[in-house]
Structure formats: C-alpha cells, structure tokens
Enquirer: 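For reference, the structure I am asking about is given below.
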Amino acid sequence: MSDDAKYATLLLVLFITACVAAIASLLVGPAAITFLDALAALFSEDSSAIASIVNEIRLPRTLLGILVGAILGLSGAVLQGYLRNPLAEPGVIGVSAAASLGAVFAIYTGLSALYPLALPLCALVSAGVAVVIIQVLAGRGASTLTIILAGVAVSSFAGAMTSLALNLSPNPFAALEIVFWLMGSLADRSMVHVQLSAPFIVLSMVVLLSLGRGLDALTLGEEVAGTLGINPRRLQVLAIFGTACGVGAATSVSGAIGFVGLVVPHVLRPLVGSKPSRLLAASALGGAVLVLAADVFVRAAFPEREFKLGVVTALIGAPFFLWLLMKHRRQIL
Amino acid sequence: MRARMCSGTLCLALVALLVAYDRVALATDAPERVVSMNLCTDQLAMMIAERGHLISVSYLARDPQASVMAAEAGTISINYGQAEEIFLLKPDLVLAGTYTTRTTVSLLRKLGFRVEEFAPADSLEDVRANIERMGKVLERPDVAQALIADFDRRLSAISVSDNQPHPTIAPYYANSYTSGRGTLVDAAIHAAGLSNVGAELGLRGTAKLPLELLVVSRPDLIMLGRRRASAPALAHEIFEHPVVQNLMQSTSAAIVPDRFLMCGTPHTASAVELLFDARAKHIVEQTQ
C-alpha cells in the first residue's frame, strides 16, 4: 500500500471511529432512550420529552465534544510542529489555563451576561497572551526544559488567578466552580454554548489546517523554508492566532481539558510518518474521538456524580506525559 | 417627718432587696449571656430568648435571603463562629448546629463553656422538637409551647386527604439540585398535599436531579427559590438552559423563598402555605 493510501485509510478509520463515538454520545444519559427513538428524535420537529432531551441536552454535548476535541488535538499538533517541541500542547504550556482565566473574568464580572460574545473573546485574548508569553520565554526550538518551565509558570499563574477570582466572588457557588475551570466538563451545555464557540473554533481550524505546508517546510530549517516561499512571520502570526482563537473559544464553554493535544499527536505520529502536515487532520479527528469517548465514559461510569472530563484525560495523559519525558531523557543521555 | 424619711429609706432598701433577689433568681433560672453561631439556632433563639439575653447571633442571621429574622438580627451584635470571638463574649450558653463549626465547638467545650448543639430539622416533627428544646435550654418553655401551638394551628388549617389529587412538584435549585426524601422541603411538600418528584425517583437528601430526568418526569409544578444571586456563577446557568426555560413556561411555578425552608422554624409553615396555594392554583387551572 502506498503512503498516500495508508494515510487516507487512517483518516477514514479515524472518521468512522469519531462517528461511532458521536452516536454513543447521543445514546448515553440518565434517561433511557433507545437507538431508534434517539435517531427519530434527531430529525423530528415535535417537542416531546425525548426530542428535547436528544436535541437540546445531548446534541449540544456531542457537538461540543467534537469541536473541543478537534481543536485541542489540532492545536497540539500545530504547536508541536511550530515550536518543534514534543511537549508543546495547549494544556501543558498554559494556554488552556489562561483561556479559563479570561472566561472566568467575563462570566464572574457579569460582562458575559450583558454581551454574550465577551465570553469567547476574553478567553481568546487571554489565551493569545499566554502563547505570546511562551514564545518570548521559550522561543522556537527551545529546549524541552525551558518550555516546560515556561508552561508551569504560565499555568500556575493563570490557575492561581482563576482560583483567587472565584474565591473572592460573593456568590457561594463560585468557589466550587474552580474545579470546572481547571478540569473541564461538558455537562448540561446548551446550543447557546455551541453557537458562541463554534464560529471561532471552525475559523481557527481552517487557519491551522492551512499551515501544513509551512510546517513541513519549517522542518528543513527557517532559511530553506524561506526559499520555498514560506513567510515565517506570517506562519507565526497564524499559528498563534489560530491556537488562541480555537483553544480560547473551546475553553470558554468547556473549561480547561488537559492532555488531549499532547497524547493525540504522539499516538498518531508513528502512523502518519514524519510530515507535520499529515498530522494535522489526523490529530483533529483523533482529538474528537478522545474527548467524545472520555465524555461518554464520564456519563456511563459515574452517572450520579459530577465527574470532570479533565480527570479522565489527565488519567490517560499524565502517565503518557511521564513516559514521554523518560523517553526524551534517554535520548539526551 | 423623720418617720417618713425612715419609711422612704426602708422602701428603697426593700426595692433594692427585691431587685437583688430578682437578679439571683434570674441567674439561677435562665442563661443571661447566650451566643448563637448557627443560622437556625439564631432564629429560634431570637424568637424564644428574653430580650437582652441573646447577646450575639451569626452573621448569616442578617442575610434577608437566608434569615426570616434579618431585621431583628440587625439589633444584635454578630459573630463569625470563631472560637476567639465567642470566648471574648464570655457566654454562659453557646448554641451551635451539629454540622458546622465542629472544631470551634470542641474547643469551646474544652475551655469549659456550655454548648448546646441542635441538629438541622429534616421533618415537621424535628421543627417542633427543636423549638421545644430551645425553650428548655433557654428556660422559657411557655414561649416555645406557644410557638408550637401556633405552628400546629397553621398546619392544621391545611389538610389534604389521601384521595384528593396530589399534583407532582419538582424543587429545582442552582446546579440542578433537588430535595429528595428525608428533607424538610420534602416534608413541606407532603404537608401541602403535593407529591415530590425527587422522592418518587428514589433520591435521598439534597441530590442532583439530572436535567434529562427532570424533562422525563414532567412535573405539574416546579418549585423555585426566590434567591437572587449576589454575583454571577455557572451554578445559575442551568436556569438559562432552553430546556429549563421551556419547562418553566409550560409548568406552573411555586415560588417559595429559601429562608422559610433553609431552617426549620415556625416560619416553615409559611412555606407549606405557599405550596398549598400553588397547588390550589394549579388545580383550578387544570379544571378550566
């Protein structure tokens, strides 16, 4: 089988898996609804209980799982290619935590109640600041250690500010919501959240997917990339804007879901070969599969509990992260 | 003239003696420096204690959303339930709840203070028992009995027999919590001739009612608190969810301010009355 055919097959398999996960996501919930009823409800116009459960409670959750997972996987692949660092990922380098802080600012000051768009925009700006800080602190092609330290600094600062803001809120519920912003969840999100975040996420996916050629050229070094007609400055702006826009909008409705952007590109890299461009679409699909599966697991395993999505992704991601570090150390030694 | 002065002095002496005797009598009878550090004991003590004997209540007692007696609490000094401030007040009786400020209570006991703990009321029977016990520890049993009599009179005015209709009601709070079996809210719902959706679903205590189950259970009424959030939080976003909005439009609402049910006090009868009125309104709407 040729390389291209193999790649096409992989994408097809990932796509089918994502569809299966999405269907599972529509079927799992506290109210028992059969597959056929759910399917019928999805295309019906009536306002029966089943229709409103499927269309207004489960469908937004499924759509957000796809969108949030796709953008996290994709931005992980882009950041790893662009910063040429295997540990670059929105969660690890603090972009998600910073986006959470922006969203917290918008919601708890009451700004988002007046202007709903303030929610994704504040998260986006805050995430953008974090990416720029990481780049200034660590630079491209920086050592793994530098980027981790910079990420720890940004993450802990943003996390601390989030906790502080919520602790100072006079609303007694706010302090409990620290967990949501630091761990993420898709519970009881509505179509309003989909409408708020989807345009930004889709826009950033288009931007990030278009960076494939530039990222491929960058693997040959910046000068060679220049001779191939790649403008490094433009690539930088688009990578930063795309990540901030997508991760910002996703985090503003789902909280910070960690490790997706780390695990997915690493699992898929051996399957797509060394070209960064091929990793992009595959990581977007893989991210959607991971987040959808984690969300189905959360609902099926602990239906009575408010179990956070970030807990599941961290349970998968943290050991993986350690394994990556060990492998990396061995390579250095 | 001299005799008159003498009798005057005698009178004064007698009055002084009487006052002194009264003081002694009071000191042996009722605690005179009572400090309460729990919202529920605050309210019961304010209703039962003699004026001036309750010297401090918790800061929550002044919150008009949580306390029925916020105005009265404004005239009494407040505490934040910390051992140090309670110690400085030199109380001869400390009233506390069984769930909150545990470490403070054990510390105060170690320091030799008399602490009376009150369990939160989970039923109307608990409400009566707590009122009665408060009367006992404050040495004002007659005041407590009068409150109980009034409470029972209000409740007996509401009587719904088993064969009369019991519309279903779903209490729905921030973060999609509801009240299941074994809660004061459940007890008030039953007393008002309604049937609690959460209890029927087998929920116990204050528990989550998933949005999907709320939709499936199709309650006749939805019970909302009238608590306005002091600041925004995600917890209240659930009320903006289109599904909940639809439900609130198509279902009659019973608005029962949280303060009537947050603590079991004689005012819990107000909650039962409000629920009963909502039931009556719903039944009228159904028959039209």
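Only heavy atoms go into these numbers, but all of them, side chains included; no hydrogens, no water, no symmetry mates. To find a chain, count down the sequence lines: A is the first, B the second, and so on, and within it residues start at 1.
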Enquirer: Checking heavy atoms, do the side chain of B:Glu237, its backbone, both or neither come under 4.5 Å from chain A?
Expert: side chain
Enquirer: Students often mix this up, so state it plainly: with edges at 30° and 60°, are the rings of B:Tyr80 and B:Tyr59 parallel, tilted or perpendicular?
Expert: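 Aromatic pair B:Tyr80/B:Tyr59 classed parallel.
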Enquirer: Which residue, B:Leu95, B:Ile76, B:Ile55, forms the side chain to side chain contact (heavy atoms under 4.5 Å, CB included) with B:Ser36?
Expert: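 In the set B:Leu95, B:Ile76, B:Ile55, the residue that makes a side chain to side chain contact (heavy atoms under 4.5 Å, CB included) with B:Ser36 is B:Leu95.
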Enquirer: Between A:Arg58, A:Glu56, A:Glu177, which has the largest tally of heavy atom pairs under 4.5 Å with chain B?
Expert: A:Glu177
Enquirer: For the backbone of B:Ala66 and the side chain of B:Asp258, can you confirm whether one donor and one acceptor N or O come within less than 3.5 Å of each other?
Expert: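 A pair under 3.5 Å: no.
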Enquirer: Using heavy-atom distances under 4.5 Å, tell me whether A:Ser52 contacts chain B through its side chain, its backbone, both, or neither.
Expert: both
Enquirer: Just checking, is any N or O donor in the side chain of B:His241 or A:Ser190 under 3.5 Å from an acceptor N or O on the other one?
Expert: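 Result is no, nothing qualifies.
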Enquirer: For chain A, which residues from residues 174-188 of chain B have at least one heavy atom closer than 4.5 Å to it?
Expert: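 So the qualifying residues are B:Ala174, B:Asn175, B:Ser176.
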Enquirer: Fit a plane to each ring of A:Phe297 and A:Phe302, take the angle between them on a 0 to 90° scale, and name the class: parallel (under 30°), tilted (30 to 60°) or perpendicular (over 60°).
Expert: perpendicular
Enquirer: Under the criterion side chain to side chain contact (heavy atoms under 4.5 Å, CB included), which of B:Leu89, B:Leu108, B:Leu54 is the partner of B:Val35?
Expert: B:Leu89
Enquirer: Can you confirm whether B:Thr104 sits close enough to B:Gln82 that some side-chain heavy atom of one is under 4.5 Å from a side-chain heavy atom of the other?
Expert: no
Enquirer: Side chain, backbone, both or neither: which part of B:Ile238 has a heavy atom under 4.5 Å from chain A?
Expert: side chain
Enquirer: I'd like to know if the side chain of A:Thr251 and the backbone of A:Gly248 have a donor-acceptor N/O pair within less than 3.5 Å.
Expert: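 No.
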